[in-house]
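FYI, the numbering just counts along the sequence from 1.
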Amino acid sequence: MSDVPTESRPGEAAPGRVTAVGVPPEDPGGARRAAWPLALAAVAYNAWVLEFLLPTGLDPRHSYVSELYAADQPFHVLFGVVEVVTALLVAAGAAPLPRRPGSDRRAVAGRWSLVAFAASSVADVVVPMRCAPSVNRACEAVNPWHTVTSALAHAALFASMALMVSAAARGAGWPLIRRWGPWVLAAALVTSVCTVGALLGRPGWHGVPQRAHLLLVGVWLALLAASPGSRRIRGKGRHRRAG
């Protein structure tokens, strides 16, 4: 006598199907909670484009973006608030990133590195540059505290990128990061290195690679926003029982 198929209840496995052992259920709620803040952060992180609409007095080719919220600049409150809001969005998106039991520790460490990146970005605003060295020759190019917070932010950012790219390469279920993450990481590293000229006493044109770097960070956040929703258990790991 053949088995009669029955209708499965919501949340239960369909009759005649079993999921592979060790494959935990998906967390669509966590994916959605992570996606929206990270997507918004990807846009807000590049709010520096407002400098093309506002009379900042800074030359984007030869100024750091952090000069926009230097203490003596006319729009320092606006850009400082945007920076803090962006950091909060990154932290809000990093915390609920879906995690399966037994997932790669690199992915977990990458999430916490994102939180550290957000915290360091807030510190960047708390201890801003005192003035804009690109327009004020009397202003020091290296503000000790601000330089430290910026360095911590970069270290946490690159740690999150490296950890998550490594986790994706080991099958963490992030196909977009596995495919594009290494390229974004490499390009972000190169553009970041190209911004240090002014800190070494060789200013000029450092604003261009820095803004390219910020665009790449926006791309990275967008990849994170899109990746949780792309983690689907399709036909893999499922087998139909013989009737």
Side-chain angles (χ1 to χ4, degrees), residues 40-91 113-114 116-161 183-222:
L40 291 173
V43 176
Y45 199 77
N46 285 283
W48 56 267
V49 297
L50 292 174
E51 68 183 342
F52 295 113
L53 303 176
L54 299 172
T56 64
L58 300 176
D59 188 335
R61 298 170 299 174
H62 309 301
S63 63
Y64 286 117
V65 171
S66 54
E67 292 182 48
L68 292 169
Y69 54 88
D72 68 339
Q73 293 305 296
F75 300 101
H76 72 277
V77 173
L78 170 63
F79 287 103
V81 169
V82 171
E83 184 81 359
V84 171
V85 170
T86 303
L88 294 176
L89 287 170
V90 170
S113 295
L114 270 181
F117 166 61
S120 300
S121 297
V122 172
D124 242 6
V125 178
V126 174
V127 286
M129 303 177 75
R130 299 186 186 96
C131 46
S134 65
V135 294
N136 183 357
R137 293 186 178 181
C139 181
E140 74 279 15
V142 179
N143 180 308
W145 286 109
H146 183 78
T147 301
V148 169
T149 57
S150 295
L152 290 175
H154 278 83
L157 170 67
F158 287 125
S160 77
M161 296 175 78
W183 297 101
V184 175
L185 172 57
L189 278 169
V190 171
T191 52
S192 180
V193 170
C194 290
T195 66
V196 301
L199 301 179
L200 301 177
R202 295 181 178 277
W205 293 99
H206 52 276
V208 175
Q210 190 194 29
R211 283 157 178 79
H213 171 76
L214 297 181
L215 287 172
L216 289 165
V217 176
V219 171
W220 170 250
L221 294 174

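Considering only residues two or more places apart in sequence or on other chains, Val85 meets the side-chain contact (heavy atoms from CB on, under 4.5 Å) condition with Val81, Leu89. Residues meeting the side-chain hydrogen bond (donor to acceptor under 3.5 Å, both in side chains) test with Asn143, sequence neighbours left out: none. The ring-ring contact (aromatic ring centres under 6.0 Å, His included) test applied to Trp205 returns His62, not counting sequence neighbours. Under the side-chain hydrogen bond (donor to acceptor under 3.5 Å, both in side chains) criterion, Ser63 pairs with Arg211, sequence neighbours left out. Tyr64 is linked by a ring-ring contact (aromatic ring centres under 6.0 Å, His included) to His206, counting only residues two or more places apart in sequence or in another chain. Annotation: side-chain hydrogen bond (donor to acceptor under 3.5 Å, both in side chains) contacts of Asp72 (sequence neighbours excluded): none. Partners of His146 by ring-ring contact (aromatic ring centres under 6.0 Å, His included), not counting sequence neighbours: none found. Residues that satisfy the side-chain contact (heavy atoms from CB on, under 4.5 Å) test with Val190, not counting sequence neighbours, are Cys194. Contacts of Ala153 classified as side-chain contact (heavy atoms from CB on, under 4.5 Å), with partners at least two apart in sequence or in another chain: Phe117, Ser120, Ser121.
Considering every non-hydrogen atom in both His213 and Ala188, the closest pair reads ND1-O, 3.2 Å. Across all their heavy atoms, Trp48 and Tyr45 have their closest contact at CD1-O, 3.9 Å. The shortest non-hydrogen separation linking Ala42 to Asn46 is O-ND2, 3.4 Å. Minimum heavy-atom separation, Gly80 to Tyr69: N-CB, 3.7 Å. Taking every heavy atom of both residues into account, Thr191 and Pro209 meet most closely at CB-O, 3.5 Å. Here the closest heavy-atom approach between residue Ser160 and residue Leu157 is recorded as OG-O, 2.7 Å.
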Which donor-acceptor pairs under 3.5 Å do the side chains of residues 52-60 make with protein atoms, sequence neighbours left out?
unit_1	atom_1	unit_2	atom_2	d
Thr56	OG1	Leu58	N	3.3
Asp59	OD1	Arg61	N	3.0
Asp59	OD1	Arg61	NE	3.1
Asp59	OD2	Arg61	NE	3.3
Asp59	OD2	Arg61	NH2	2.7

Scan the side chains in residues 131-140 for donor-acceptor partners under 3.5 Å anywhere in the protein, sequence neighbours excluded, and list what turns up.
unit_1	atom_1	unit_2	atom_2	d
Ser134	OG	Glu67	OE1	2.6
Asn136	OD1	Ala138	N	3.0
Glu140	OE2	Arg130	NH1	2.6

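The side-chain heavy atoms of Phe75 and Leu68, taken from C-beta on, include no pair separated by under 4.5 Å. Inter-residue side-chain proximity for Phe79 and Val65 is flagged as unmet; no heavy-atom pair is nearer than 4.5 Å. Between Leu216 and Trp183 there is no side-chain heavy-atom pair separated by less than 4.5 Å.
Using cut-offs of 30° and 60° for the angle between ring planes, the His154 and Phe158 rings count as tilted.
The side chain to side chain donor-acceptor pair (under 3.5 Å) contacts involving residues 74-90 comprise nothing, where partners must be two or more places apart or lie in separate chains.
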